[in-house]
Amino acid sequence: MKENPYEPWLATVQDVREEVGGQRPIKTFKLKFNDNKIQDNFSYIPGQCAMVSLLGMGECFFAISSSPTKKGYIEVSVMKLGKVTTALHELETGDTVGVRGPYGNNFDVNGWKGKNLIFIGGGIGQAPLRSLIQYVVDKRKDYGKLDIIYGARTSKDISYKEEFADLEKRKDVNVHLSIDVKEDGWKKFVGFVPDNLLKVKPSPKNSIAITCGPPIMIKFVIQNLEKLGFTEDQIFTTLEMRMKCGIGKCGRCNIGNLYVCKDGPVFSYKQLKNIYGER
Amino acid sequence: MVDEKELREAVEKTVKRDDVKYVVGYEKGTYGFQVTPCFAYKSEDADKFIFSPLCVHNLAVFPMLEEKPPLRRGEEPDKRKVGVVVKGCDSRAIVQIIQEKGLDREKVVILGIPCTGVVDPKKLEAKFPGKTKNAEIKDDNDKFAITIDGKTSKIAKDELMPDKCKTCEYPTPVLYDILIGKEIKGSKKENYKEIESFEKKSLKDKWQYWEKQFEKCIRCYACRNSCPLCYCKECMVDQLDPQWVRRSVDVSENTAWNLLRAFHLAGRCIGCGQCERVCPMDIPLMKLNKKIEKEIKEMFKYTAGVNAEEKPLLAMFKPDDPEDFIL
Amino acid sequence: MDKMILSKNDLSKLIEELLKKNKVYGPVKSDDTVLFEEIKKPTELYLDYLNSEVPPKALMLHQTETLFKFIPGPKGKIEPVDMDEKKVIFGIRPCDAKSFAILDHVFEGDFDDPYFITKRKNTILIGLSCSTPGTNCFCTSFDDSPAASKYVDILLTDIGNNYYVEVISDLGKQVTKAAGKLFKSATESDTKKKKDAEKKAIDMISRTQKTDKIVEKLDKIFENRFWKDVAFKCLGCGTCTYLCPTCHCFDIQDESTLTKGARIRVWDNCMNPEYTIHASGYNPRPARANRVRNRIYHKYNYYPKNFDVIACVGCGRCIDLCPVNIDIIDVVTKAGEVKP
């Protein structure tokens with residue numbers, strides 16, 4: 001680990017890809033550390049996050065949305081919303097940013113070997129899930145059935161369009177996309193993600209469900225998962241809070257006595273039920 | 001002298017009304033001379049209310065602290081009125097806010113108390129250090145009767161009153177729904193003597209004085225949060241985009257903060273002294289505010305918070321204003 | 001633990017000895033406030049005080065701390081800063097010294113905070129026992145005492161013409177060795193005088209806060225209406241958080257011009273609504289009641305759950321300075337009695 005956890009390493013932007021345009025654009029940045037040794041030693045497990053900073057503007061906590069099986073770079077997906085993210089959206093290939101990490105806990109990739117995995121994502125919430133999805137696809141034989149349920153407001157708001165197209169072609173992955181409102185040319189499910197979940201009706205036997213998205217979606221998804229028979233330690237989610245230090249010191253992101261930056265962002269539903277705090 | 005029984009009856013009558021959410025007043029604190037704000041939601045709560053020379057707080061800040069928490073589906077927001085117990089100076093804060101349309105006249109029920117002067121907690125602490133448990137102060141014409149552990153002593157009011165009371169021009173609330181007691185005619189006049197003697201100092205001395213004071217500031221924003229007239233939804237100092245005042249705490253940024261706040265209160269500050277009272281570092285904020293108040297009076301012949309029908313000073317112009325242009 | 005005495009007349013010589021190799025911080029009177037500031041001569045010390053306005057945590061966790069400097073923009077670079085040098089904090093009260101031990105848990109752990117930890121290693125704490133505790137002191141509610149020696153390197157207790165000196169740590173031993181000739185061995189009657197002074201101070205503490213089983217009790221009343229009543233008069237001013245020796249929340253900001261800048265860490269205030277607001281506008285703690293409740297739970301429930309110690313030292317600053325008399329002794333004692 002580095003000596004000063006507040007000091008970022010420098011990284012260069014390799015590629016900028018626009019996922020979604022419009023009012024709340026989302027861009028994916030491919031970053032490579034300037035120092036090759038750091039790049040090789042930067043090891044993380046899906047679910048973990050990094051603090052990306054633009055010197056002079058500030059930093060933000062992002063989920064690393066690429067899998068550690070893809071060597072030589074990390075990717076973060078950024079939605080343009082505030083001061084720092086707007087500045088990040090101006091970046092081009094070759095620009096420098098600072099990266100600190102990896103922080104937080106991770107998905108239990110070893111403990112879930114052999115199980116069926118159901119991913120339920122909405123909007124930008126797909127970013128932390130994508131890291132695990134890529135990891136599982138790269139190590140396909142280690143895991144059971146793979147279902148991906150993802151929804152966005154309109155077909156233009158779907159993130160990672162090309163990757164979903166590739167995944168749909170695969171026979172060992174089931175992809176269920178949806179959009180909220182009817183659209184010409186959309187032949188798949190129309191409605192909210194929790195309803196799509198009920199339609200897909202995954203079996204709780206030997207399964208783990210992982211969800212991420214807007215707070216209201218998570219609430220209904222968990223309700224429907226319980227209706228389908230999932231128990232509270234089969235349901236996992238990643239949470240978000242305003243964060244500054246990323247290492248459990250500044251006291252901002254706590255839910256009860258757990259810090260989202262240190263003890264999360266991955267939490268099981270069982271953990272969430274038992275801690276008091278604002279959600 | 002205020003009849004506490006009359007006060008409690010008035011509070012009870014107000015709380016019983018269907019269109020009143022709660023009434024805020026004063027009750028006895030947890031130790032020594034302390035007095036704390038108190039909220040009455042039901043008639044029984046009215047028994048807690050007191051009024052004594054220790055009631056220095058300006059309660060006009062509470063109607064402005066109303067929050068709008070997120071509501072459940074189908075729930076209507078509670079739009080009932082709020083009752084406030086105010087002294088002469090406090091009522092001017094409410095009038096000023098009504099002038100600025102920050103508050104609807106219909107939204108407050110004002111219980112006015114004609115005030116004969118309060119006690120400055122810092123002067124009291126200096127005279128009776130180590131606040132003891134059973135302590136009370138009562139008004140006694142031109143003296144304060146102070147009872148500690150059963151023993152009473154009388155002290156001349158001038159010794160313990162804050163400076164604002166010595167030059168108070170509005171002892172009776174200028175606007176009220178219920179008046180507890182009889183009107184008191186204002187007999188003192190604000191003469192800005194202290195400000196004038198400070199103005200005579202050299203520029204170098206003045207800056208040296210203020211640099212020492214602003215070095216102490218810890219930017220806790222107690223002054224802003226306790227001021228009834230600082231009710232901006234997002235204070236300029238919290239804004240990041242654009243950032244007007246930096247977050248670092250040093251003399252330069254502290255000076256910017258304190259002077260900017262004084263300027264934002266120009267023509268609006270009513271001189272209740274709450275900011276100076278709550279400052280944990282004892283910075284003489286009222287000097288800044290009084291100086292600006294003096295300038296406003298000389299330039300525009302305007303006193304803040306006296307007439308609710310008037311338009312706010314710096315938000316309007318008259319054809320005979322001193323400037324060439326409307327700005 | 002060595003026991004010695006130091007004559008009050010020799011105190012200035014001890015300070016001069018310390019000044020030779022360290023920066024010395026002690027209580028200094030500035031107008032009507034007492035603050036811990038750097039002193040260059042022993043005469044600047046002001047010892048006739050109860051406690052400083054701003055707690056000495058300001059010397060370990062600076063209010064504004066530069067994390068590193070940089071050249072801003074997408075083509076930037078980073079330049080690290082030097083950490084602090086050796087210093088001595090003289091005249092710290094046992095409660096404030098305990099706060100450092102409490103803050104150690106946060107700043108160590110999975111990631112070491114180099115700024116705080118380096119300062120901790122380089123600072124010698126010379127404590128001064130309280131002889132006349134204030135109305136709102138309640139360190140005894142946490143099984144501590146106005147003359148507790150656990151958290152300092154050297155503890156001085158006033159016993160008349162002399163100070164009773166207890167050397168607790170190796171750092172303390174270094175100091176007493178360097179100034180060896182100023183110290184004399186303590187006699188039995190000196191030790192008795194110290195115990196009497198301690199007992200006298202403990203007897204003067206009149207307020208207690210009931211904290212038995214507070215963690216379990218608080219678990220049961222999280223959603224209780226009690227917190228709304230407590231927080232209704234809170235102005236959200238931040239005085240309590242900034243002057244609390246154990247409050248450690250901070251904000252990290254980049255401050256720069258076009259050509260150079262620094263990333264700084266400043267104290268932050270969890271009573272401010274902007275503290276937890278998300279970029280989307282959603283705020284998990286929208287009302288003052290949520291924030292006040294979070295602060296009290298952080299001290300009496302979350303911290304004990306994580307680190308096994310209540311994060312309050314009983315210094316009483318928040319009670320003295322709260323403009324609306326929200327009294328933490330009162331609130332926590334009452335919280336323990338609320339029926340869930």
Side-chain angles (χ1 to χ4, degrees), chain B residues 22 24 27-32 34-39 41 56-57 59 61-62 65 67-70 121-122 125-126 129-133 212-213 215-216 218-227 233-235 238-240 243 246-250 253 274 277-284, chain C residues 30-33 35 50 53-54 58 62-66 132-136 204 206-207 229 232-243 251-253 255 262 264-269 271-274 282-283 286-290 317 319-327 329-331:
Chain B
Y22 61 82
V24 53
E27 70 170 336
K28 191 154 165 48
T30 53
Y31 65 90
Q34 278 288 344
V35 153
T36 181
C38 158
F39 297 85
Y41 300 92
V56 288
H57 313 68
L59 298 177
V61 68
F62 286 105
L65 278 180
E67 288 161 331
K68 295 190 181 54
K122 295 190 176 133
E125 171 75 15
K131 305 153 202 171
T132 37
K133 273 204 176 155
K212 190 157 163 255
Q213 296 300 329
E215 252 173 7
K216 289 196 283 185
I218 54 172
R219 301 272 283 285
C220 63
Y221 303 126
C223 48
R224 167 191 81 176
N225 285 13
S226 57
C227 174
K233 286 249 159 56
E234 195 187 2
C235 178
D238 285 329
Q239 276 180 5
L240 280 175
Q243 192 173 43
R246 292 197 170 170
R247 297 262 165 107
S248 21
V249 178
D250 51 48
E253 304 297 323
Q274 179 113 295
R277 180 179 71 83
V278 301
C279 176
M281 310 308 288
D282 296 331
I283 299 178
Chain C
S30 147
D31 286 342
D32 287 325
T33 20
L35 298 168
L50 174 59
E53 205 77 31
V54 179
H62 288 322
Q63 183 158 21
T64 312
E65 175 117 45
T66 310
T132 44
T135 332
N136 290 319
M204 283 178 86
S206 48
R207 300 190 70 184
D229 295 332
F232 218 73
K233 50 188 182 179
C234 173
L235 302 172
C237 71
T239 302
C240 55
T241 43
Y242 283 12
L243 299 179
D251 188 11
I252 300 183
Q253 286 289 331
E255 301 204 332
I264 56 161
R265 177 176 72 181
V266 289
W267 287 354
D268 206 350
N269 167 19
M271 304 305 224
N272 195 350
E274 273 81 34
Y282 169 69
N283 193 344
R288 287 190 321 278
N290 303 45
R317 282 184 180 91
I319 308 176
D320 284 336
L321 292 160
C322 176
V324 289
N325 189 215
I326 295 186
D327 188 326
I329 298 181
D330 202 44
V331 167

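Computed from a predicted model, the values in this text were never measured in an experiment. Below, chains carry the letters A, B, ... as their sequence lines are ordered, and counting in each starts from 1.
Heavy atoms of C:Y242 lying under 4.5 Å from chain B belong exclusively to its side chain. Contacts of C:V324 with chain B are made by both backbone and side-chain atoms, with heavy-atom separations under 4.5 Å. Proximity to chain B (any heavy atom under 4.5 Å) is shown, for C:D268, by neither the backbone nor the side chain. With a threshold of 4.5 angstrom between heavy atoms, B:K122 does not approach chain C through any atom at all. Only the side chain of B:Q243 comes within less than 4.5 Å of a heavy atom of chain C; its backbone N, CA, C and O stay farther away. In this structure, chain C has a heavy atom under 4.5 Å from the side chain of B:V61, while its backbone stays farther away. Of the two parts of C:L50, neither the backbone nor the side chain holds a non-hydrogen atom closer than 4.5 Å to a non-hydrogen atom of chain B. For B:V24, no part lies near chain C; criterion is any non-hydrogen pair under 4.5 Å. With a threshold of 4.5 angstrom between heavy atoms, B:L59 does not approach chain C through any atom at all.
Considering CE of C:M271 and SG of C:C240, their distance stands at 4.0 Å, rounded to 0.5 Å. Put simply, CD1 on C:I264 and OG1 on C:T64 are 6.0 Å apart, with the number rounded to the nearest 0.5 Å.
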Is there a side chain to side chain contact (heavy atoms under 4.5 Å, CB included) between B:Y221 and C:L235 once you walk through the steps?
-> CA-CA 10 Å; B:Y221 303 126; C:L235 302 172; over 6 Å; no
What's the verdict on side chain to side chain contact (heavy atoms under 4.5 Å, CB included) for B:Q34 and B:T36, showing C-alpha distance, side-chain angles and the deciding distance?
-> CA-CA 7 Å; B:Q34 278 288 344; B:T36 181; 5.7 Å; no
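When each of B:R246, B:R219, B:Q213, B:H57 is checked for heavy-atom pairs under 4.5 Å with chain C, B:R246 comes out on top. Counting heavy-atom pairs under 4.5 Å between each of B:I218, B:V278, B:V35, B:D282 and chain C puts B:I218 at the top.
Nearest approach of C:W267 to C:H62, heavy atoms of both residues: NE1-O, 3.6 Å.
A side-chain donor-acceptor contact under 3.5 Å links B:D250 to the backbone of B:E253. The main-chain N or O of B:L65 is found under 3.5 Å from a side-chain atom of C:R288 such that the two form a donor-acceptor pair. Judged by distance alone, with hydrogens and angles left aside, the side-chain atoms of C:Q253 form no donor-acceptor pair with the main-chain N or O of C:V266 at under 3.5 Å.
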